[in-house]
Amino acid sequence: MSRYEARAAEAKWQAVWDEAHAFRAEHDPTRPKYYVLEMFPYPSGRIHMGHVRNYTMGDVVARHRRALGYNVLHPMGWDAFGMPAENAAIERGVHPGAWTWANIDQMRAQMKPFGFSIDWSREFATCDPEYYGQQQRLFLDMLDAGLVARKAAVVNWDPVDMTVLANEQVIDGRGWRSGAPVERRELVQWFFRISDFSEELLAALDGLDAWPDKVRLMQKNWIGKSRGLQFRFDTRGAPAGFERLEVFTTRPDTIFGASFAAVSPDHPLARALEAEGPEIAAFVAECRRAGTSEEAIESAEKRGVDTGVRVVHPFDPSLELPVYVANFVLMDYGTGAIFGCPAHDQRDLDFARKYGLPVPTVVSATGPDFTVADTAFTDPGRLVNSRFLDGMEVEPAKVEVIARAEAGGWGEGVTRYRLRDWGVSRQRYWGCPIPVIHCPACGVVPERRENLPVRLPEDVSFDGHGNPLERHPTWARTTCPACGGPARRETDTMDTFVDSSWYFARFTAPRAAEPTVMAEAEYWMNVDQYIGGVEHAILHLLYSRFFARAMMKTGHLPEKAIEPFDALFTQGMVTHETYTTPGPDGRPIWREPSEVIRDESGARLADGTPVEVGPSVKMSKSKKNVVDPDEIVAKYGADAARWFVMSDSPPERDVEWTAAGAEAAARHLARVWRLVETLPADAPAAIPAAPGPEATALLRAAHGAIRDVSEGLEGFAFNRAIAKLYEFANAIGRATGDAPDLLAARRFALRTLAQLMAPMTPHLAEEMWATLGGDGLVARAPWPEADPAMLVADEVVLPVQVNGKRRAEIRAPAGLDAAAVEALVLADPAVLRALAGASPRKLIVVPDRIVNVVV
RNA sequence: GCGGGCGUGGUGGAAUGGUAGACACGAGGGUCUCAAACACCCUUUCCGCAAGGAGUGUCGGUUCGAGUCCGACCGCCCGCACCA
């Protein structure tokens with residue numbers, strides 16, 4: 001008997017698959033296609049266990065679908081532009097391109113040993129001019145189609161990375177990569193007009209029923225639709241040009257509860273007043289200096305300054321309200337100005353209490369005398385103290401106020417979205433150049449399509465500040481495509497989210513001279529199953545949905561691809577325990593798992609130093625709780641790693657990597673191999689017409705496993721599928737007799753086991769399949785089908801409850817009618833004991849499941 | 001604050017309203033061995049020798065029957081946010 005040598009077997013089968021082009025996806029209209037895609041990786045240099053889990057999931061789906069007869073497209077590529085490459089250039093003097101391509105080679109080499117069934121012939125990297133040139137083509141087409149805008153905008157400026165960030169990339173006032181506090185700057189930027197699609201992107205979410213509800217909700221909240229009233233106050237005492245103040249509210253019903261108006265420090269009125277009053281100037285300057293970073297600290301306190309300006313209540317000219325500049329009013333939502341209704345908005349209430357403003361109640365659940373203390377009343381109720389609105393409910397009152405505003409010509413009902421246009425300009429080198437030219441005579445002129453790609457220059461230097469393209473001596477110098485005069489290239493490059501917003505479409509025709517090929521896109525789109533981390537729930541997925549629409553409008557995708565991802569699965573992370581030892585300065589020192597010895601008494605280092613075991617969190621270099629996929633493959637084999645990351649935890653949840661778990665996976669696979677090896681070579685393949693009871697039981701187990709594993713794989717319940725495979729293997733292990741019918745059943749069961757395990761452990765499955773005399777490659781074998789006749793048992797065990805408590809068990813032939821079951825139950829001694837002489841009032845018989853006796 | 005999700009053994013986790021704890025890890029005991037490794041077998045929710053009883057965060061409700069459905073509360077996790 002030989003031990004299963006995972007590494008040798010894995011290399012062998014990978015070579016066989018390569019040779020056979022087993023995973024090459026060929027356009028074949030006669031077969032149904034299936035497109036499974038995992039979010040492509042950023043080539044940071046090393047793959048980690050999170051990648052392994054992600055690609056294993058995709059591979060399980062791909063291999064299962066292939067076995068079910070689908071023509072599977074399962075590609076891989078590299079999201080290769082981005083800042084880390086430029087940082088490496090700054091820190092180590094390597095060219096970003098060289099650094100990136102070396103990383104790609106290294107990561108590809110790390111991925112190959114896992115045996116993912118990827119069509120590597122379609123591989124590409126987004127930093128390849130072949131790819132980004134097509135992206136420039138898309139940009140120009142979108143420009144022609146009116147989907148691109150160029151406008152001055154206050155942008156988030158990252159002072160560390162010297163770049164602009166999208167609103168979506170600012171997290172808690174800090175750059176999402178650098179973590180530096182973001183400043184405000186005004187620049188002329190390129191934008192994709194995603195906000196034009198707000199309503200469509202929102203409405204279409206309803207149709208994405210194979211997406212997690214959570215992701216759909218996050219996108220809905222991000223788009224942030226709200227209905228309200230936009231209207232104009234007449235002002236008193238305002239500077240020239242500010243005779244009106246336009247505000248937006250979602251609560252027009254509370255208009256009689258208004259006690260002040262407020263504008264953002266960035267509002268034009270605030271800027272105008274800044275010039276006139278030192279108090280306002282000081283406050284505005286302070287707000288601006290505080291920027292976004294200290295807002296968190298100040299967030300508890302609402303502050304403002306009375307401008308001296310007054311506004312007139314639109315329904316009562318005798319009512320005047322003070323206008324404040326207030327730090328809690330945002331310039332980029334609504335009009336940058338509000339009216340404050342303290343009784344029914346907590347922020348307004350806090351502000352009003354601080355500055356002694358009145359708090360009139362206008363909505364009440366109890367009556368007109370209701371007053372508000374420190375908590376604003378935001379529940380439903382009826383309008384009070386509101387003249388013509390009195391007695392109305394909130395929603396009809398909103399409608400009424402909007403109607404009167406529109407009739408009076410001083411306001412209108414509007415729908416607003418939180419979603420803003422997508423600013424794509426980045427002042428960086430390592431990105432896709434924006435293919436336009438600035439001509440002193442003609443203005444902004446698109447580059448000619450025949451001149452694409454606009455390539456990045458190779459000879460650049462990096463010192464970490466500003467944009468190397470802008471400082472390059474010659475690159476930007478060009479001639480105007482329109483007039484032929486001297487002109488300058490745009491030196492901004494595109495946000496890397498652009499690169500990942502259409503790569504899924506490019507995979508359908510990765511070498512084409514156009515961005516896509518309609519016939520290929522028509523056949524392969526949509527992505528049937530998309531798999532990735534929930535951290536991309538908003539940005540990447542929303543941008544991709546926008547791009548699919550843009551590509552449809554510009555003729556690069558068929559109409560059916562308007563929503564490019566039919567089904568989405570967001571997988572959990574791979575976590576690991578964290579280890580620390582006390583450092584000399586009292587601060588803990590992180591320790592790598594390989595340094596730590598775990599036993600029943602706890603954890604220590606090799607020299608005996610006690611180790612503090614921390615919670616299991618996402619693997620990260622900073623906490624040193626990483627395990628290296630290379631080492632795992634060397635130690636346990638790829639199949640064991642694949643098996644382990646798919647077992648135990650449901651795929652949407654985090655899985656904790658433990659050495660014990662990985663070892664157990666490897667042990668189980670070795671055991672499965674022994675089951676194959678202990679089958680006598682001359683065991684018959686043909687199952688006799690009437691197998692004995694033991695053989696029948698094993699065959700039933702095999703068909704049950706086919707049903708349960710199939711269900712598990714289809715429903716993304718990989719952990720349950722694997723549990724069934726354990727059970728099935730255990731059942732085979734128990735069937736040790738050497739009767740010919742049992743040996744034949746065992747051969748069948750083991751072949752079935754090989755097929756069912758193949759999506760998870762493809763190499764071991766090939767080895768088993770070959771040894772058991774299977775036909776061809778198991779990777780190409782059709783998925784087994786369960787025989788319905790083998791799924792029904794002859795006899796069932798029925799638990800018997802008395803008043804809902806389990807008291808007995810009876811055995812009965814399957815499908816026995818209720819009357820016969822009742823007779824059996826009432827004759828059972830345990831039931832009689834539990835009844836203690838009482839007579840049953842009612843008997844509930846759930847056929848073949850349970851009996852409940854009600855006393 | 002708003003929105004969403006989740007609370008089950010020592011651990012990860014199973015359970016279309018129908019025998020709670022599948023499967024695995026860990027632990028304990030045993031067989032094999034001179035010994036170890038490997039492997040195999042048994043036990044492993046709690047109390048109890050047993051018969052039996054209790055048990056899915058807490059309290060109520062619906063139901064013949066609730067981990068599952070409903071209500072309230074407690075705790076944890078995720079997302080969003082001066083969004084007017």
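Order of the sequence lines fixes the chain letters, A, B, ..., with proteins taken first and strands second; residue numbering starts at 1 for each chain.
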Exercise for review: Using only heavy-atom distances, decide whether a donor-acceptor pair under 3.5 angstrom links the side-chain of R849(A) to the base of U16(B).
Suggested key: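 Such a pair exists between side chain and base.
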
Practice item. Classify the side chain of D648(A) versus the base of G12(B) as yes if they form a donor-acceptor pair under 3.5 Å and no if they do not. Key: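 By the distance-only test, yes, there is a pair.
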
Below 4.0 angstrom from OP1 or OP2 of [N], is there any side-chain N or O of [X]?
X: N730(A); N: A24(B); result: yes
X: R807(A); N: G53(B); result: yes
X: R216(A); N: G4(B); result: no
X: R671(A); N: C38(B); result: no
X: R674(A); N: C40(B); result: yes

Say we look at [N] and [M]: how far apart would their [atom1] atoms be, to the nearest angstrom?
N: C38(B); M: A27(B); atom1: P; value: 12 Å
N: G18(B); M: C25(B); atom1: P; value: 29 Å
N: A22(B); M: U56(B); atom1: C1'; value: 15 Å
N: A51(B); M: A37(B); atom1: C1'; value: 45 Å
N: C59(B); M: A15(B); atom1: C1'; value: 25 Å
N: A36(B); M: G13(B); atom1: P; value: 36 Å

[options]: which one has an atom nearest the side-chain heavy atoms of [X]?
X: T250(A); options: C80(B), G55(B), A84(B); answer: A84(B)
X: V854(A); options: G13(B), C40(B), C64(B); answer: C64(B)
X: N327(A); options: C82(B), C80(B), C78(B); answer: C82(B)
X: E727(A); options: A84(B), G13(B), A22(B); answer: A22(B)
X: M218(A); options: G79(B), A84(B), C64(B); answer: G79(B)
X: R653(A); options: A14(B), C23(B), G26(B); answer: A14(B)
X: A723(A); options: C23(B), A39(B), A84(B); answer: C23(B)
X: Y726(A); options: A24(B), G18(B), A81(B); answer: A24(B)
X: L217(A); options: G79(B), G13(B), G4(B); answer: G4(B)
X: F328(A); options: A14(B), C40(B), C82(B); answer: C82(B)

Revision key, fill the gap. The residue, N221(A) or S649(A), whose nearest nucleotide of RNA chain B is more 5′ is N221(A)

**Study point:** Closest-nucleotide ordering on RNA chain B, the 5'-leading residue of A670(A) and I850(A)
**Key:**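 Result of the comparison: I850(A).
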
For [X], which contact category applies under a 4.0 Å heavy-atom criterion: base, sugar-phosphate, or nothing?
X: V800(A); result: nothing
X: D348(A); result: nothing
X: D213(A); result: nothing
X: N852(A); result: base

Review point. Within 45° of the six-membered ring axis of F233(A) and under 6.0 Å from that ring's centre, is NZ or CZ of R244(A) located there?
Key: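 R244(A) over F233(A) ring: no.
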
Check your understanding: Would G9(B) be called syn or anti, given that syn covers angles within 90° of 0?
Key -> syn

Using the ring of each side chain (for Trp, its six-membered ring), is [X] parallel, tilted or perpendicular to [Y], with breaks at 30° and 60°?
X: W410(A); Y: F231(A); value: perpendicular
X: F351(A); Y: Y324(A); value: perpendicular
X: F256(A); Y: H313(A); value: parallel
X: F569(A); Y: F716(A); value: parallel

Check your understanding: Salt bridge check: are R232(A) and E412(A) linked by an N-O gap of less than 4.0 Å?
Key -> yes

Practice item. Using a strict cut-off of less than 4.0 Å between a Lys/Arg side-chain nitrogen and an Asp/Glu carboxylate oxygen, indicate whether R674(A) and E677(A) qualify as a salt bridge. Key: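 Salt bridge: no.
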
Protein-nucleotide distance ([X], atom [atom1]; [N], atom [atom2]), rounded to Å:
X: L202(A); N: C83(B); atom1: CG; atom2: P; result: 19 Å
X: L798(A); N: C64(B); atom1: CG; atom2: P; result: 21 Å
X: L245(A); N: A84(B); atom1: CG; atom2: C1'; result: 13 Å

Point to revise | Each stem that RNA chain B is part of, given as range with range (3 or more consecutive Watson-Crick or G-U pairs, under 3.5 Å) | key: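 The stems are B:1-7 with B:74-80, B:10-12 with B:23-25, B:26-31 with B:39-44, B:45-47 with B:52-54, B:57-61 with B:69-73.
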
Exercise for review: Could you point out which residue of D848(A), L826(A), L816(A) forms a side chain to side chain contact (heavy atoms under 4.5 Å, CB included) with V821(A)?
Suggested key: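 Of the listed residues D848(A), L826(A), L816(A), the side chain to side chain contact (heavy atoms under 4.5 Å, CB included) partner of V821(A) is L816(A).
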
Review point. If we only count heavy atoms from C-beta on, is the P322(A) to L357(A) side-chain gap below 4.5 Å?
Key: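 In contact.
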
